[in-house]
Peer 1: 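The structure is given below, and queries will be raised subsequently.
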Amino acid sequence: MQIDVASTAWSEVAADWLIVGLPEGGVLDGRLVELDQRIGGTLTRLIEQKDATGKLAELVPVHVPSGVAAKRLLLVGLGKLPDLDRARFEKALMSAVRSVSSKKDVKPVIALPDGLGAAAANLSVALAAEVAATAAIVGSVGQDMLKAEPGHFALGQVGVLVAAGQEADAQAGSDRGRIIGESLNLTRELINLPPQVIYPESFAERALAVAAELGLKCEVLDRDQLVAERMGSLLAVAQGSDRPPRVVSIEYRGAAADAPMTAIVGKGVTFDSGGLSIKTTDGMLTMKCDMSGAATVLGAIAAIARLKLPVNVTAYMGLVENMINGSSYKLGDILKARNGTTIEVQNTDAEGRLVLADVLAYAVDRGASRLIDLATLTGACVVALGEDVSGAFTNNQSWCDDLLGAAKRAGELVWQLPMFDLYNDLLKSDVADVRNIGGRWGGAITAAKFLEKFVSEKPWVHLDIAGPAFASSNKPYREGGATGHMLRTLVEVAAGS
Ligand code: BES
Ligand code: MN
Ligand code: ZN
């Protein structure tokens, strides 16, 4: 997509849609006064008639305006300017882009509002331009790419309109926004594609291609290599599928060799049937999304590499299908994980932790100094926090605080849950070192306590993204299906460390 940053005069902006932010409060000022005059006071009248209120993400189209070159205006509510931040501006622009991209070959121009860094103290010009580019890229691509008549058409061209003198800041921001948007779409595409298209081998192929394009070192372990690496826990899950497993790692070195190596680890269950502890039809319906963690770490490392952040990061993806065949792993099986821990299987649907156990231990053995894992791990986390908030769990508060700070800057919602020792009692087994479920209560936490046993006390944060990774319905400001939730946070963590 072509993104043009310019400070063209209102009257001259050539666009199918000129997207203009309208602050809440009813007083026009700055460049809006000029625009209002150009179009014969239309803005003033819309506000007087209460047809345009400026409430966050409100959309008011103005067709065939006179006095400007743009074919149409789209007024988008910004809410109160002092409240305007990355997340709120994104909500507004995503709504606008989703609206205008319902037709093919549309060229919109997004005007950044006045008052950035002043009345809107929480949003800089650069950040606003970043949001504009990301919204243009993400908001115009839906989950319906295999439909004859898709609801959205990827934009070929978009303009970002700024006040004179802001061009350089806006250009830098929009360059970042493009990278983040394209990475989000990579993650979303992998999650949204159907499970007969995305399975461990095909996911690994895509990861290899992404790494090759960015010149990053990429390793793909096949089944024999996973046996040699003693990943007995991951392999047990994989053995019920006709599709062989893969573990992929991609390394990005943007800092000195002796700088810390951060591992980002993703659960990549390309389909979760539950195995012999089979899910209901309703429970299984969206389980193509169970590789969201892996897709998110792939998108994140692509973004981090393209942004050339001065850090060392390795992404690890544990790719399996949780299926049923004559060789499926069974209740009562005792597995031996890579780190020697024996695990009694009491529920084959608690498979994500079995996959991550071996991949986390592998990442530690390969020199990770600190880790973050992302997984659609438990329904219990969705019960606890709802569909829009991820759970965070840690063995190291200061590393978790870094992550929570990054999430805040990224405008993503995460809430930390406790990791008290007593939860370990719930994982005790009579026949092995640990069992793979913790019983009815505190399910998101017992899953995290299970994972903790495989990180060798390295600083680690586990993110349970089961709720936000995959949305059940469309909203004006975002498409249903894959969201790419937490990718921005991973980029912010890398940028901030
Ligand atoms: N992939 C699921 C968790 C999930 C649920 C993700 C809903 C996204 C939306 C996971 O593998 C699972 O099945 N967890 C079980 C654990 C239980 C058997 C201890 C669950 O949450 O029911
Ligand atoms: Mn499961
Ligand atoms: Zn699962």
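Only a predicted model underlies this, so the values are computations on that prediction, with no experimental measurement involved. Whatever order the structure lists ligands and atoms in, that order sets their numbers, starting from 1.
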Peer 1: Can we say E479 and R188 salt-bridge, meaning some charged N sits less than 4.0 Å from an Asp/Glu carboxylate O?
Peer 2: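 Between R188 and E479 there is no salt bridge, as every charged N stays at least 4.0 Å from the carboxylate O atoms.
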
Peer 1: Quick one: which ligand 1 atoms are inside 4.0 Å of a heavy atom on A466?
Peer 2: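 That gives atoms 6 (C), 8 (C), 9 (C) of ligand 1.
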
Peer 1: Taking only heavy atoms of K267 into account, list the atoms of ligand 1 that are under 4.0 Å away from them.
Peer 2: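 Every atom of ligand 1 under 4.0 Å from some heavy atom of K267: 1 (N), 10 (C), 11 (O).
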
Peer 1: Look at D272 and state whether any of its N, O or S atoms is less than 2.8 Å from the Mn ion (ligand 2).
Peer 2: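 A backbone or side-chain N, O or S atom of D272 is under 2.8 Å from the Mn ion (ligand 2).
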
Peer 1: Counting from 1, what ligand 1 atoms have a heavy atom of M287 closer than 4.0 Å?
Peer 2: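 In order of number, 1 (N), 4 (C), 5 (C), 6 (C), 7 (C), 8 (C), 9 (C).
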
Peer 1: With heavy-atom distances below 4.0 Å as the criterion, list the atoms of ligand 1 near E351.
Peer 2: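 Within the 4.0 Å cut-off of E351, ligand 1 contributes 11 (O).
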
Peer 1: Which of the atoms of ligand 1 are close to D272, meaning less than 4.0 Å from one of its heavy atoms?
Peer 2: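 In order of numbering, the contacting atoms are 1 (N), 2 (C), 10 (C), 11 (O), 13 (O).
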
Peer 1: Considering non-hydrogen atoms of the protein only, which is the closest contact for atom 16 (C) of ligand 1, and what is the distance?
Peer 2: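 Nearest protein contact, heavy atoms only, for atom 16 (C) of ligand 1 is R353 NH2, 3.9 Å.
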
Peer 1: Hey, is atom 22 (O) of ligand 1 under 4.0 Å from any protein heavy atom?
Peer 2: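 It does not; no protein heavy atom is within 4.0 Å.
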
Peer 1: Considering only protein heavy atoms, which is closest to atom 10 (C) of ligand 1, and at what distance to one decimal place?
Peer 2: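 Atom 10 (C) of ligand 1 sits closest to the protein heavy atom L377 O, 3.2 Å.
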
Peer 1: Where the closest heavy atom to atom 15 (C) of ligand 1 is concerned, which of V355, D349, I437, N322 has it?
Peer 2: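 Ranked by closest heavy atom to atom 15 (C) of ligand 1, first place is D349.
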
Peer 1: Just heavy atoms, cut-off under 4.0 Å: does R440 contact ligand 1 by side chain, backbone, both, or neither?
Peer 2: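 R440 to ligand 1: no contact under 4.0 Å from either part.
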
Peer 1: Compute whether any side-chain donor of one residue and acceptor of the other, for N322 and S273, lie under 3.5 angstrom apart.
Peer 2: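 Per modelled atom types, N322 and S273 side chains form no pair under 3.5 Å.
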
Peer 1: Could you pull out, from G379, G467, A447, the option with a heavy atom nearest to atom 20 (C) of ligand 1?
Peer 2: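 Result: the heavy atom closest to atom 20 (C) of ligand 1 is in G379.
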
Peer 1: Which ligand 1 atoms, with their elements, are less than 4.0 angstrom from a heavy-atom of N347?
Peer 2: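 Listed by number with element: 18 (C).
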
Peer 1: Check the Zn ion (ligand 3) and write out every protein N, O or S atom at under 2.8 Å, as residue and atom.
Peer 2: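 Sorted hits: K267 NZ, D272 OD2, D290 OD2, E351 OE2.
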
